[in-house]
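Per chain, numbering begins at 1; letters A, B, ... match sequence-line order.
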2 protein chains.
Amino acid sequence: MEYNHKQLAILDAAEQLFASQGFHGTSVRDIAHAADVNIAMISYYFGSKEKLIEAIFLKRIVGWKSVLETVLKDESLSFETRFDRLVETYVGRIFNNPCFNLMMMRAQIQADLGVNDLIHQNKLEVHGIISAFIKAGQEKGVFNEGVDILMMVNTLVGTTNHIMSTRHHFARISGLEHLTDEQLQQHLVIHISNHLKNLLKAILIHEA
Amino acid sequence: MEYNHKQLAILDAAEQLFASQGFHGTSVRDIAHAADVNIAMISYYFGSKEKLIEAIFLKRIVGWKSVLETVLKDESLSFETRFDRLVETYVGRIFNNPCFNLMMMRAQIQADLGVNDLIHQNKLEVHGIISAFIKAGQEKGVFNEGVDILMMVNTLVGTTNHIMSTRHHFARISGLEHLTDEQLQQHLVIHISNHLKNLLKAILIHEA
DNA sequence: TAAATATTTAAACGATCGTTTGATTAAATT
DNA sequence: AATTTAATCAAACGATCGTTTAAATATTTA
């Protein structure tokens with residue numbers, strides 16, 4: 001799908017507003033104003049508000065799977081290094097697209113929103129790729145047997161998304177309020193990555 | 001605050017609807033219908049839709065702090081046992097109040113919603129209590145030094161809430177679709193608790 | 001350049017939103 | 001029993017919602 005300048009302005013504005021105010025909390029007039037286009041252009045280009053949010057998901061969800069595969073299938077790197085890269089890549093991706101990921105968190109809470117089939121299919125594929133990687137590592141004797149891969153993935157995803165969505169609470173609690181949003185983001189990406197690598201490798205590699 | 005039968009019906013109905021459809025996605029007519037009361041009763045008793053959601057938070061948030069303190073300050077139990085209880089209690093609490101916790105997740109995403117000051121204060125208190133407990137364990141030599149307590153708490157909260165909010169995705173991926181909601185809940189509480197106890201104690205107690 | 005197609009706009013559409021009104025009934029108080 | 005207060009209701013309020021219309025302007029095609 002190729003979008004022109006005006007369509008991209010609508011998609012970007014909608015993503016930001018849906019993230020911060022929710023789907024129902026955002027009016028098409030809000031979106032049109034933020035994107036600096038006439039209200040009717042949204043229906044004209046996307047058909048409806050519902051189809052607009054679907055377009056955002058379709059635009060965003062593609063690509064993630066191939067990035068993941070590239071990281072995990074690079075056999076020039078050790079299993080441990082590739083695992084580190086996996087964590088770094090995931091955490092970085094979440095914090096580089098905060099608006100879209102807030103949208104996705106909202107969508108997952110709301111079971112009906114239509115885009116959930118898309119999300120589920122993506123989850124399945126991602127879990128399949130990571131599972132295959134961990135199992136390969138187990139066969140090589142690098143990773144411990146008996147680890148619950150699904151739980152591990154949910155810890156990676158859950159921890160990262162939770163801190164991202166509550167990052168301003170987090171900043172206040174840990175005395176990081178003086179940082180700019182960008183500085184806070186950099187700080188969090190590094191510290192969350194290190195924490196999760198430590199934590200997950202503690203059961204995946206160490207601890208006999 | 002003491003509520004009569006009709007007020008409680010409104011609070012319960014609103015909590016369920018806010019959780020599944022969001023604040024803006026739920027109309028006061030929806031709430032009135034679900035609670036089987038006249039539309040005007042909501043304004044009559046609570047003033048407005050905004051004040052209704054604040055009443056729900058006020059009703060729910062109290063109590064959690066004291067439960068936590070009771071668990072962690074029981075010196076007849078070892079530090080490790082108390083830590084296990086902490087995890088079990090937290091995970092159980094989330095899954096026993098799924099609707100309210102989905103509401104809270106939504107509220108945290110939305111930075112403006114007014115109730116966020118209440119949520120932040122609660123976060124601060126909870127973090128203080130858990131911090132004090134971990135530090136006491138460190139002084140006794142039971143828990144390792146150098147663990148990032150805030151990150152640990154965010155892993156507990158983030159993992160639990162993420163799986164709770166995506167539990168039907170989780171069930172489908174792990175082939176647990178045939179379970180009833182209640183069976184799934186029981187299964188998840190046990191498995192998430194065990195996973196998190198394992199994971200967190202791996203860096204808190206084991207691993208020199 | 002003439003015709004056809006695509007884009008843009010202000011205005012209006014009916015539907016639904018949260019809230020209020022004013023009348024009526026129930027309960028509590030004196 | 002009389003009076004005051006609380007509860008309940010159908011109806012209506014103005015505001016805003018997502019979407020459509022029809023006319024005007026730009027762009028592309030023949």
Please report, to 0.1 Å, the donor-acceptor pairs under 3.5 Å made by any side chain of residues 28-38 of chain A, with sequence neighbours excluded.
{"from": "Asp30(A)", "atom 1": "OD1", "to": "Ser27(A)", "atom 2": "OG", "distance (Å)": "3.4"}
{"from": "Asp30(A)", "atom 1": "OD2", "to": "Ser27(A)", "atom 2": "N", "distance (Å)": "3.2"}
{"from": "Asp30(A)", "atom 1": "OD2", "to": "Ser27(A)", "atom 2": "OG", "distance (Å)": "3.2"}
{"from": "Asn38(A)", "atom 1": "OD1", "to": "Ala40(A)", "atom 2": "N", "distance (Å)": "2.9"}

List, one per line, each side-chain donor-acceptor pair under 3.5 Å for residues 100-110 of chain B, sequence neighbours excluded.
{"from": "Asn101(B)", "atom 1": "ND2", "to": "Asn97(B)", "atom 2": "O", "distance (Å)": "2.8"}
{"from": "Arg106(B)", "atom 1": "NE", "to": "Phe18(B)", "atom 2": "O", "distance (Å)": "3.3"}
{"from": "Arg106(B)", "atom 1": "NE", "to": "Ala19(B)", "atom 2": "O", "distance (Å)": "3.3"}
{"from": "Arg106(B)", "atom 1": "NH2", "to": "Gln110(A)", "atom 2": "OE1", "distance (Å)": "3.4"}
{"from": "Arg106(B)", "atom 1": "NH2", "to": "Ala19(B)", "atom 2": "O", "distance (Å)": "3.2"}
{"from": "Gln108(B)", "atom 1": "OE1", "to": "Lys123(B)", "atom 2": "NZ", "distance (Å)": "2.9"}
{"from": "Gln108(B)", "atom 1": "NE2", "to": "Met104(B)", "atom 2": "O", "distance (Å)": "3.4"}
{"from": "Gln110(B)", "atom 1": "OE1", "to": "Arg106(A)", "atom 2": "NH2", "distance (Å)": "3.3"}

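Residues satisfying the salt bridge (Lys or Arg N to Asp or Glu O under 4.0 Å) criterion with Arg60(B), sequence neighbours excluded, are Glu15(B). For Glu50(B), the salt bridge (Lys or Arg N to Asp or Glu O under 4.0 Å) criterion is met by no residue, not counting sequence neighbours. Checked against ring pair (Phe, Tyr, Trp, His ring centres under 6.0 Å), His127(B) has no partners two or more places apart in sequence or in another chain. Every residue two or more places apart in sequence or in another chain that forms a side chain to side chain contact (heavy atoms under 4.5 Å, CB included) with Leu8(B) is listed here: Tyr3(B), Leu11(B), Lys59(B). For Asp84(B), the side chain to side chain contact (heavy atoms under 4.5 Å, CB included) partners are Glu80(B), Glu88(B), Lys197(B), Lys201(B), not counting sequence neighbours. Partners of Phe95(B) by ring pair (Phe, Tyr, Trp, His ring centres under 6.0 Å), not counting sequence neighbours: none found.
Ring centroids of His191(A) and His195(A) are separated by 6.0 Å or more, keeping the two rings apart.
From the 5' end on, the contacts that DNA chain D makes with chain B at under 4.0 Å to a non-hydrogen atom open and close at dA6(D) to dA12(D).
DNA chain D lies under 4.0 Å from at least one heavy atom of each of the following residues of residues 33-56 of chain B: Asn38(B), Ala40(B), Met41(B), Tyr44(B), Tyr45(B). A heavy-atom distance below 4.0 Å to DNA chain C is reached by these residues of residues 16-32 of chain B, ordered by number: Thr26(B), Ser27(B), Val28(B), Arg29(B).
The list of salt bridge (Lys or Arg N to Asp or Glu O under 4.0 Å) pairs with a residue in residues 152-161 of chain A, not counting sequence neighbours, is empty.
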